[in-house]
Number of protein chains: 2
Amino acid sequence: MAKPSKENTPITEHLAYLLAQANREINRQLELRLSKEGVPVEQWRILKVLSDGDGHSMGELAEAVLLNHPTLTKMIDRMVSDTLVYRVQDPNDRRKVLMFISDRGKVLCKKLNSLAVDQEEHILESYGDKSTSELKRLLESLIDSSN
Amino acid sequence: MAKPSKENTPITEHLAYLLAQANREINRQLELRLSKEGVPVEQWRILKVLSDGDGHSMGELAEAVLLNHPTLTKMIDRMVSDTLVYRVQDPNDRRKVLMFISDRGKVLCKKLNSLAVDQEEHILESYGDKSTSELKRLLESLIDSSN
DNA sequence: TTGAAAATATTGAATATTCAAGAATTGAAG
DNA sequence: CTTCAATTCTTGAATATTCAATATTTTCAA
């Protein structure tokens, strides 16, 4: 009997592919909702992270919103132009820049949050409560086990 | 009692974010392995889809490998230069181009497959057999329910 | 204290992706 | 048949991302 081989598994059965596909689909839906306010998903993430009111360094932010450093810098430049966020030099470590959300940013963030909640509710409806929370649990644990 | 609100759920609890994070992590690992052969993940996907030996139109391919049309065209241009794949005009519908994998492409694809299998096995080890198949199942069903 | 190494953020050039327009072919209605 | 809309793919310009290099500040060992 031949040794069972996984080498010609169709692409659609690879975990990496399923994740990419699901991510693409969910992201597309979210993008569609947020486009009502003309804001890309990454900017919503940034606003959401900053909305705790604390100052976050660029490095911290980049990690949290899944962007690499130079990309974040340029996106923040745009958001500063739009007066959604602002930079403050960290007094304790002057290499760092602390990012803060502005009042305008807070207002926008609230609107975006409710658009995002709409989507999550839509997913809950079509996909189910149980599946959703189970999926979240598994994803968290996958992420954990990858570090 | 206040109405329970999901509007200030931390970003890390959103399904869209968890998917993005997991996708990023797994993709990074896969990228690292495939970089041994100097091939981006998307090219591996293309080779894998074409490795059934049939001709696939650009539209079909774009859908299958999660790239939009112009991006795919340009990536295919590179792969044609590298003689990994080749174009044939579809005799039944001359608007279409059918893509085929070359012999050189097949050889490369085999090497890439085994690198990818390495990764899947690594995931199985650290994450577990049960979790992996359960996660795959849930992802498939999420993708289904999104169409 | 000094000087070298590490950490942090930005910049500019190279590369890649996307959007909108174009070219070729097919389908289908009049 | 003819013409007009739809489909398929490619192209070029605009935009975004990435890589490598730079500037600044901090850390730490000698």
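Here the structure is a predicted model, which means the values were calculated and not measured.
- In terms of phosphate contacts, Ser57(A) brings a side-chain nitrogen or oxygen within less than 4.0 Å of OP1 or OP2 of dA9(C).
- Spacing between atom CE of Met79(B) and atom P of dT10(D) amounts to 14 Å, rounded to whole angstrom units.
- Using modelled atom types, no side-chain atom of Arg45(A) and backbone atom of Tyr17(B) make a donor-acceptor pair closer than 3.5 Å.
- Out of dT17(D), dA9(C), dA20(D), the shortest distance to the side chain of Pro70(A) is found at dA20(D).
- What separates CZ of Arg87(A) from P of dA9(C) is a distance of 10 Å, to the nearest Å.
- As a whole-Å value, the separation of Leu67(A) CG from dT10(C) P is 13 Å.
- When the C1' atom of dA9(C) is taken as reference, atom CE of Met75(A) falls 17 Å away, rounded to whole Å.
- Relative ring orientation between Phe100(B) and Tyr86(B) is described as parallel, the plane-to-plane angle staying below 30° on a 0-90° scale split at 30° and 60°.
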Candidate pair Glu31(A) and Arg28(A), rule salt bridge (charged side-chain N to carboxylate O under 4.0 Å, His left out), full reasoning: CA-CA 5 Å; Glu31(A) 220 163 38; Arg28(A) 178 160 28 212; over 6 Å; no
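- Taking atom NZ on Lys74(A) and atom P on dC19(D), their separation rounds to 12 Å, with Å as the unit.
- In this model, no side-chain donor or acceptor of Arg95(A) finds a partner on the base of dT24(D) within 3.5 Å.
- Distance from the side chain of Asp93(A) is smallest to dT26(D) among dT10(D), dT17(D), dT26(D).
- dT10(D) atom C1' lies 13 Å from atom CE of Met99(B), rounded to whole Å.
- The side chain of Lys96(B) lies closest to dT8(D), out of dT18(C), dT8(D), dT18(D).
- Between Glu140(A) and Arg137(A) no salt bridge is recorded (no basic side-chain N to carboxylate O distance below 4.0 Å).
- Residue Thr73(B) places at least one side-chain N or O closer than 4.0 Å to OP1 or OP2 of dT10(D).
- In the set dT10(C), dT17(C), dT10(D), dT10(C) carries the atom at the smallest distance from any side-chain atom of His69(A).
- Crowding of Glu63(B) atom CD: a count of heavy atoms from other residues, nucleotides or ligands under 6.0 Å not exceeding 12.
- Side chain of Ser102(A) to backbone of Leu84(A): a donor-acceptor contact under 3.5 angstrom is found.
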Residues Lys136(B), Glu120(B); criterion salt bridge (charged side-chain N to carboxylate O under 4.0 Å, His left out); working and verdict: CA-CA 12 Å; Lys136(B) 284 187 183 181; Glu120(B) 293 251 324; 3.4 Å; yes
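- When each of Thr71(A) and Asp90(A) is assigned the nucleotide of DNA chain D with its nearest heavy atom, Thr71(A) is the one assigned upstream, toward the 5' end.
- Straight-line distance from the CG atom of Leu72(A) to the P atom of dT18(D): 12 Å, rounded to whole Å.
- At dT15(C), none of the side-chain N or O atoms of Arg78(B) fall inside 4.0 Å of OP1 or OP2 (strictly under the cut-off).
- Here the nucleotide nearest the side chain of Asn68(B), chosen from dT11(C), dC9(D), dT18(C), is dT18(C).
- Here the side chain of Asp52(B) pairs a donor or acceptor atom with the backbone of Asp54(B) at under 3.5 angstrom.
- Distance CG (Asn92(B)) to P (dG27(C)): 10 Å, rounded to an integer number of Å.
- The terminal axes of the helix from dT1(C)-dA30(D) to dG30(C)-dC1(D), fitted over 5 pairs per end, subtend an angle of 20° to the nearest 10°.
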